[in-house]
Engineer: 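What follows is a structure written as structure tokens; I'll ask about it next.
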2 protein chains.
Amino acid sequence: MQQLDHTFAALADPTRRAILARLALGEATVGELAEPFDVSLPAISKHLKVLETADLIVREKRAQQRVCRLKPETLKTASDWIEQSRRLWKERFDRLDAYLRELQSKENNDGNG
Amino acid sequence: MQQLDHTFAALADPTRRAILARLALGEATVGELAEPFDVSLPAISKHLKVLETADLIVREKRAQQRVCRLKPETLKTASDWIEQSRRLWKERFDRLDAYLRELQSKENNDGNG
DNA sequence: AAGTTAAATAACTAAAGGGTTAAATGCAAG
DNA sequence: CTTGCATTTAACCCTTTAGTTATTTAACTT
């Protein structure tokens with residue numbers, strides 16, 4: 001899924017994750033988002049474009065400002081992908097575990113002691 | 001967290017996600033992992049190094065092969081980061097919702113009808 | 001209309017990422 | 001001890017990315 005490429009790539013940058021963490025607390029303008037960072041405003045603008053392309057945020061005009069908001073659905077898609085892998089792994093692990101226990105109990109009944 | 005940089009960057013590539021999905025079903029050698037893909041073996045080897053650096057897999061020597069295994073704990077760290085953002089957003093949204101409902105009911109009691 | 005503020009775009013640079021082929025390593029087996 | 005197999009490393013190419021400064025766009029303010 002190409003959507004996931006964009007989502008995870010966007011999440012791979014610490015500045016962008018910090019922006020998302022800030023937006024999780026509520027909407028903010030570009031200027032407000034840029035304030036804590038020691039980079040130029042165009043740099044932040046680029047990060048926001050990456051986040052927007054990844055569908056992680058939306059930007060809305062309000063007077064001469066742009067207000068940014070989180071899009072949690074896309075975060076969910078990413079999280080779901082990860083959880084799916086973890087689930088498969090867990091299932092496989094549980095099966096292996098059950099199999100090993102079965103072997104063990106058979107050995108105990110085969111007069112191995 | 002720099003760990004998350006590596007984790008999400010590793011997850012941003014479709015080939016690497018496919019490798020992880022394969023490994024979620026059980027361990028595999030480099031050759032087995034490479035087989036479904038239309039790229040050279042060194043390319044796969046690089047992808048595996050990225051996954052290993054990100055702590056998403058471990059590689060273990062077995063005769064002249066390298067067996068790869070998923071490390072689900074790291075997947076969990078990534079998933080947790082995402083879920084934390086979603087949780088904050090949801091809480092904030094619920095608060096906002098409650099506030100709007102309260103406003104609404106006050107209006108109704110102020111002889112607005 | 002002119003000025004001011006908020007943000008985006010342009011043009012550029014340096015570093016990183018993903019791919020390639022060719023050569024090197026590590027181990028097993030004849 | 002040499003041949004073969006599985007994998008990694010080296011050296012390279014090309015594209016993308018993250019940052020910069022300078023310029024432009026858009027909308028409010030006077």
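The figures here come from the full heavy-atom set of this structure, side chains too, leaving out hydrogens, waters and symmetry mates. Protein chains get the first letters and strands the later ones, always in sequence-line order, with residue 1 at the start of each.
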Engineer: Using the heavy-atom set of chain A and a strict 4.0 Å cut-off, write down the first and last nucleotide of DNA chain C that makes it in, 5' to 3'.
Structural biologist: C/dA6 to C/dA11

Engineer: Any salt bridge (Lys or Arg N to Asp or Glu O under 4.0 Å) pairs touching residues 41-53 of chain A, not counting sequence neighbours?
Structural biologist: A/E52-A/R59

Engineer: Is A/R87 salt-bridged to A/E91, going by a charged N under 4.0 Å from an acidic O?
Structural biologist: yes

Engineer: If we ignore hydrogens and angles and just use 3.5 Å, is the side chain of B/T74 paired with the main-chain N or O of B/D55 as donor and acceptor?
Structural biologist: yes

Engineer: Once salt bridge (Lys or Arg N to Asp or Glu O under 4.0 Å) is applied, do any residues pair with B/R66, and if so which ones, sequence neighbours excluded?
Structural biologist: none

Engineer: Before you tell me yes or no, could you show the steps for A/Q65 and A/T29 under side-chain hydrogen bond (donor to acceptor under 3.5 Å, both in side chains), namely the whole-Å CA-CA distance, both residues' side-chain angles and the distance that decides it to 0.1 Å?
Structural biologist: CA-CA 6 Å; A/Q65 298 175 326; A/T29 67; 4.8 Å; no

Engineer: How would you summarise protein contacts on nucleotides 25-30 of chain D per nucleotide, using B for base, S for sugar-phosphate only and - for none, with heavy-atom distances below 4.0 Å?
Structural biologist: --SS--

Engineer: State which residues pass salt bridge (Lys or Arg N to Asp or Glu O under 4.0 Å) with A/R16; sequence neighbours excluded, sorted by chain then number.
Structural biologist: none

Engineer: Under a 4.0 Å threshold between the charged nitrogen and the carboxylate oxygen, would A/E27 count as salt-bridged to A/R62?
Structural biologist: yes

Engineer: Of the residues in residues 18-49 of chain B, which ones touch DNA chain D at a heavy-atom distance under 4.0 Å?
Structural biologist: B/T29, B/V30, B/G31, B/L41, B/P42, B/S45, B/K46, B/K49

Engineer: Once you round it to whole Å, what is the distance between P of D/dA18 and CG of A/L11?
Structural biologist: 12 Å

Engineer: Does any non-hydrogen side-chain atom of A/L56 lie less than 4.5 Å from one of A/L70?
Structural biologist: no

Engineer: Rounded to whole Å, please give me the gap between CD in B/Q65 and P in D/dG4.
Structural biologist: 19 Å

Engineer: May I ask you to decide if the ring planes of B/F8 and B/W81 are parallel, tilted or perpendicular, using 30° and 60° as cut-offs?
Structural biologist: perpendicular

Engineer: Considering only NZ, NE, NH1 and NH2 on the basic side and carboxylate oxygens on the acidic side, decide whether B/R17 and B/D13 come within less than 4.0 Å.
Structural biologist: no

